[in-house]
Amino acid sequence: MITAGIDIGSSTSKAVLIDEGDMLSYSIMPTGAESVNSARRVMADVLDKAGISAKDVSYILATGYGRVIVPFANEALTELTCHARGAHFLFPNVRTILDMGGQDCKAIRCDANGQLLNFVMNDKCAAGTGRFLELIARVLGVSLDALSDLALKATATIKINSTCAVFAKSEVTSLIREGKNRCDVIAGLHDAIAMRVFNLLRGVGIESQLAITGGLGKNKAIIREIEKKTDLNCMIAEEPQIVGALGAALFARDKFI
Amino acid sequence: MAESTSAKKHLETTLLVPALRRKYYAESLSQTTGQKICWCSNGIPSEILDAFGINAVFVENYATVCASKRLSSGFCRAGERAGFSQDVCGYARILMGYLLGGTEAPEAPYGGLAKADFLVVNSYSCDSRMGWFATMQRTLNIPLYVLDAPYQPGGGCMDEANIVYTESQLLDFVTFLEGQTRSKLDREKLRAGIDLSRRSADIQTEIYEMRKAVPSPMSAGDAYTVVWPGMYMAGTKECDDFYARLRAEVNHRIVNKIGVVPEEKFRLLWSGLPFWYNMALLNYFEDFGGVVAIENAYFRSEKSFPPQHHDPIKDMAITSTIKRPYAGDLEQRLQLTLDIVKDYRIDGVILAYNPSCRLMYLLQPELKNALDCHGIPNVNIECDMADERTYSEGQIKTRLDAFIERMLVLRK
Amino acid sequence: MDIKLDLLRQNRHDMARLWKKETGGKVVGVFCCNVPEELIYAAGMLPVRLMGEKEEASEADLHFPSNCCPYVKRSFDQGLKHRYDYLDGIIVPNTCDMVRAMYGTWKMNLDIPFAYFLEVPQRISPRGIEFFRERILDFKGGLEEWSGCEITAKAIEDAIETYNLNRRLLQSAGRFRQDGLLSGVECQNMVISSMFMPKDEHNRLMGAFLEEAARRDTPPLGVRLLISASMLDNSDFIRLLEECGGSVVADDMPAGSRYFFYSVNHSSDPFFALAERYLVQVPCPRKMLPRDRFEFIKQVMEETGAEGAVIHNLKACDCHLYEYPYLKKMLQDLGLPVLFFRGEETEAEQETQRDDIEAFIEMIRG
C-alpha cells in the first residue's frame, strides 16, 4: 500500500512516498509563484525517484499553506497536525516540536500517540523565520547555509536588540559598518532568534523530548542556541524539511487500517 | 464593492436588524424637524439625548457598516493619507477617511452621515475615542463635549466621591445639551427612557443566559448583529419589542432542540471583537460541527440595578458607579471569561487579537495565559477588526484548521 | 559632569537599595506625571519613576502583545526580570489605556505589597480639580494606612517646598540649555535623575552642577530644536539629535518639561494646590484638548526661538498619534520644519534615524 504526503509551504514544496512504514522517496523543490504547478512538479519528481506511477499511489494527503490548492489530493490537514505526526513517527518519545519554516514558526505539543495537543504560532512579524534569515544573508552577501557556519565560528556574541526584521537589518548593517566581527554579529542574530523561538516554546509549555522540524532545523547555530536556552538536546531528522509531508503520508496510510 | 462576507444568520429575528439600521441612518439624514444631530461615541447614555429629542448618531457603528460593506481599505487609506497612523483605531481611520478623504474616499454607504451639530465622547472607555473626537472637533469645527467619570479599575464601588463627581458631570452634560437645544431636560421622559432601556437590557441578559443551552440555539454570528438595537436604540419601544421577539425565538429553538449545527461536536468562545469585513469566519467551524456559542465582547450576565434614586440623573450616577461595564480589574475580567467557559460548556477559545482596539488587545495575552493554566484549548488570530488589509487568509485559516483538527481529536 | 549624570540612571537600582538599607524606608514605583510625589516623599518614602531598558522585552512578551507601548512594556519587563525587587509599592494613575492595563498586569504578576490606582479626571474643570483633590486625599489615606504613619501637614508643606525647589532648579537648567550653557542631553539627564533620586539630594547635586555650568563659556549652539515626545525615559534620542548638529533648546515631553514646569501654589489647602498643579498644569494630550496644548507649545517655541521641531511618538501611543497631524500642521503654519519618528525604543532604530536627522538639520541650515 503506497501513500503520499505533499506539503506545499510558502518557500518550499515537499513530497514523501511511503509503503506502509517505509519511505520510498522524497522530494524538495522551491514553491513557485503558481503553487498548483509546484505541487504537480514535486509530485512528479517524487514518483520518478521511486520509479512508480501515479496510479500506484492509493491516497494522497496534502498539508502546508497550499494544502487546499493541490488538485490531485484526496484530503488536506494542516501542517501542525502533520508535523506532530511525522516527528512522533521518527522520535516516538517526542512531546514538543518546534517547526521553523519559511513564513511561520510554530511550537507544537503532542501526546504519546503523536496527536496534536496544543500549538502557538508567531505573530505577524517575520523574526524567527526562514525568510528573516534569508533577508539577513542577502544583506551580508552570503548564502543561507554559510550563515550558520559563520555564527559557529564566532568568538563572542554581540547582543542584537531588535528582532524586528526591519530594524535588525539596519542594526546588523551598522554593526558591520562599525567594524564589528562579522561572525560575532551573526552569532548575536542567531541568539536573538533563539530567544524569540524560546518564548514561543514557553508559550506552549516545553516538555521533553524536543524535536525541531522545518528548514531551519538544518541551521546548527540556531539549534545550539535553542539547546542552550531550553537545556535540552534537540532531536533533528536527517531531512527536517520533509517531516510535515511524512506526517501527511502517514495519515494517508491510516485510511486503510 | 467587493463580495460580501457577512455571517450566515440562523435566526429570523436577526434578519430584522439590517432594516432597522437602514431606517436609523435614513431618519437622521431626512429629518426636517430641526432636531439636533449629535455624533457620539459608544458608552454615552443615549437616554439623556433621547429625552432632549436629540438625534444621536453613533459613528463607531458607521465604521463597522463601512467595514462590513468591504469599504474599509479605501476609507482607511484615505484616513492614513490625512496623517493618521496605521497604529490608531481602525474605526477612527475609517471615519477620518470619510471626513477628510474627499474624492479619494469610496462612496459612502447609506448616502453618508447626517451633518453633526455637536460631538459627545466619553472619557472612560478608551484613549482612542478621546483622540478621535478631539480630531473631529478640529476638522468639523463644532462643539465637543467630553463626558467624564472615574475609571474604577476595581470594577466599581459605592465610593461617595466617585458618585458625586459622576453626577456633577452628568449635570454638566445636561447643561451643555440645554444650551445646544435651547430646551430644558424633561426628567420624566428621561426616567421612562431609563426604565425601558433597563428592561430591554434585562431581556438581553436573559437571552445570554438561555444561550447556555446545548445544542447552541444562537451563535456569535447572530449575536454580533442582534446587539445592534440595544446599543443604538436603547430606551425605545422598538428595541424592547425586538428583544422580546428574539427571546421568544431563542426559546422556541431551545424547546425544539434546534441547534445552530445539526450535530454539535464542539463549542467555542470568541474573545475580542469580530472582523466586521469577514463575519463569515464566525460560521467557519459549522461545517465541522463546531459552533461559536458565545462571545465575551458586549457580554452581560447581570440584571440591571433597580432604581437607586427617584431623580434619574442621580440614579444614573449611582448605578454607573456601582458597576461600569467593560471596566474592572484585570483579574476580574479574566475570571469573567473563565466563568463563561465553564457556564457555556466551552471546548475552545478563539482569541481575536485586534491590535488597534487596545482595550481588547491588551487583555488577550493574559487571557491566553489563564486559559493555558486551566488547560482550555485556545488559538490566537491577529488582524484588525475594521481594516481588512490586515487580514491574511492563509495564516488565519491554517491556525483555525489546525485548531479544528485539535478540537476533533480531543472529542475522540 | 555629563557622564556622571548618565551613570546615575544606570546605577539607580543600587542607589535605591542603598537608600532603603540606610533609611529603612519604603521605595515606591511611580508611573507618569499625574502622581503627586510630594505625598510619598512626605511619608518618608522614596518615589522612583519606573523605567525600561533597551533590551529584548523577553519576559513581558509573554504578558503583552507585540504592538503596544514600548515604554510601559519594557518597564514591566524589568519588573519581571527582578530588577525592581526592592519596590515596596507602586502607584499607577489613570493616565492612558496602556498604563491602566499595566496596573492589573503588574499587580497580578509581581509580588508588590502595595499597589494603588490613582483616579485622575480626564477632563480639566473646576469640578474635576475638586474630585482630584478628593482622590489625592484618599491616596494620602491609603499611604498612611499602609505605612501606619500619619503624614503631617508640616511634612507635606516641606515636601512641596523641596519639590518646588527642584522644579525651579530644573527650570533654570531649561533656561541654561536655551543659552547653550547646558546641552539638551545634560538637561534631560537632570530631569531623569530627578525622577528616582531623593529630591533633597538631587537639589544639592543640581545646585552644584548649575553653579559650575553658569561659569562655562557658551559654545556656539547647533540648530535650535524643539522636541515633542510621548515618552523618552533616557537621553539617547536627544544625544542623537545633538550628535547630528542639533541643539535641543525646548521640549514638550512627560520626562521633560511636563515634570518641572509650574510649581505647586502656596495655599492653605495643599491638597487643592496639588490637584491643580498635577491636573491643570501638566499639558498632557490625554486630558488637555489640542487647542490648549498647542497654545502651550507655541508659547514655548516662541520663547526659545526653536528653528525646527522633532516629534517622537512611541508606537501605539494613541494620545499623541491622534494629535500629530494637527500638531505638525500648526508647527508648519508657524514656519517651522517638522521631522516625525514613530519610535520603538531600540538601539537599532537610532541608526535608521540618523540619516533622516542629518538631512533635516542640513535642510534647516540651508
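Residue numbers start from 1 in every chain, and the chains themselves are labelled A, B, ... in the order their sequence lines are given, proteins ahead of strands.
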Problem set entry | Atom group of A:Val68 that falls short of 4.5 Å from chain B, counting heavy atoms | neither
For this session: Verify the neighbour count for atom CG of A:Asn93: are there more than 12 heavy atoms of other residues, nucleotides or ligands below 6.0 Å?
Result: yes
Problem set entry | Heavy atoms of other groups near A:Lys228 NZ, more than 12 under 6.0 Å | yes
Exercise. What distance separates B:Asp401 CG from A:Leu77 CG, expressed to the nearest 0.5 Å?
Worked result: 9.0 Å
Problem set entry | Reported CZ-to-OG1 distance for the pair B:Phe403 and A:Thr81, which is rounded to 0.5 angstrom | 12.0 Å
For this session: Taking heavy atoms only and a threshold strictly under 4.5 Å, list by residue number the residues of residues 361-372 of chain B that touch chain A; give 'none' if the list is empty.
Result: B:Lys368, B:Asp372
For this session: Measure the OG1-NZ distance between A:Thr78 and B:Lys397 for me, rounded to the nearest 0.5 Å.
Result: 14.0 Å
For this session: Take atom OH of A:Tyr26 as the centre, draw a 6.0 Å sphere, and report whether it contains more than 12 heavy atoms from other residues, nucleotides or ligands.
Result: no
Seminar exercise, completed: Which of B:Glu382, B:Arg399, B:Gln395 passes side chain to side chain contact (heavy atoms under 4.5 Å, CB included) with A:Met121? It is B:Arg399
Problem set entry | Under 3.5 Å: donor-acceptor pair, side chain of A:Gln115, backbone of B:Val409 | no
For this session: Taking the side chain as every heavy atom from C-beta outward, state whether A:Leu80 and B:Glu405 have any atom pair closer than 4.5 Å.
Result: no
Exercise. Is it the backbone or the side chain of A:Leu116 that comes under 4.5 Å from a heavy atom of chain B, or both, or neither?
Worked result: both
Problem set entry | Nearest-0.5 Å distance, CZ of residue B:Arg406 to CG of residue A:Leu117 | 7.0 Å
Exercise. Who passes ring-ring contact (aromatic ring centres under 6.0 Å, His included) against B:Phe266, sequence neighbours left out?
Worked result: none
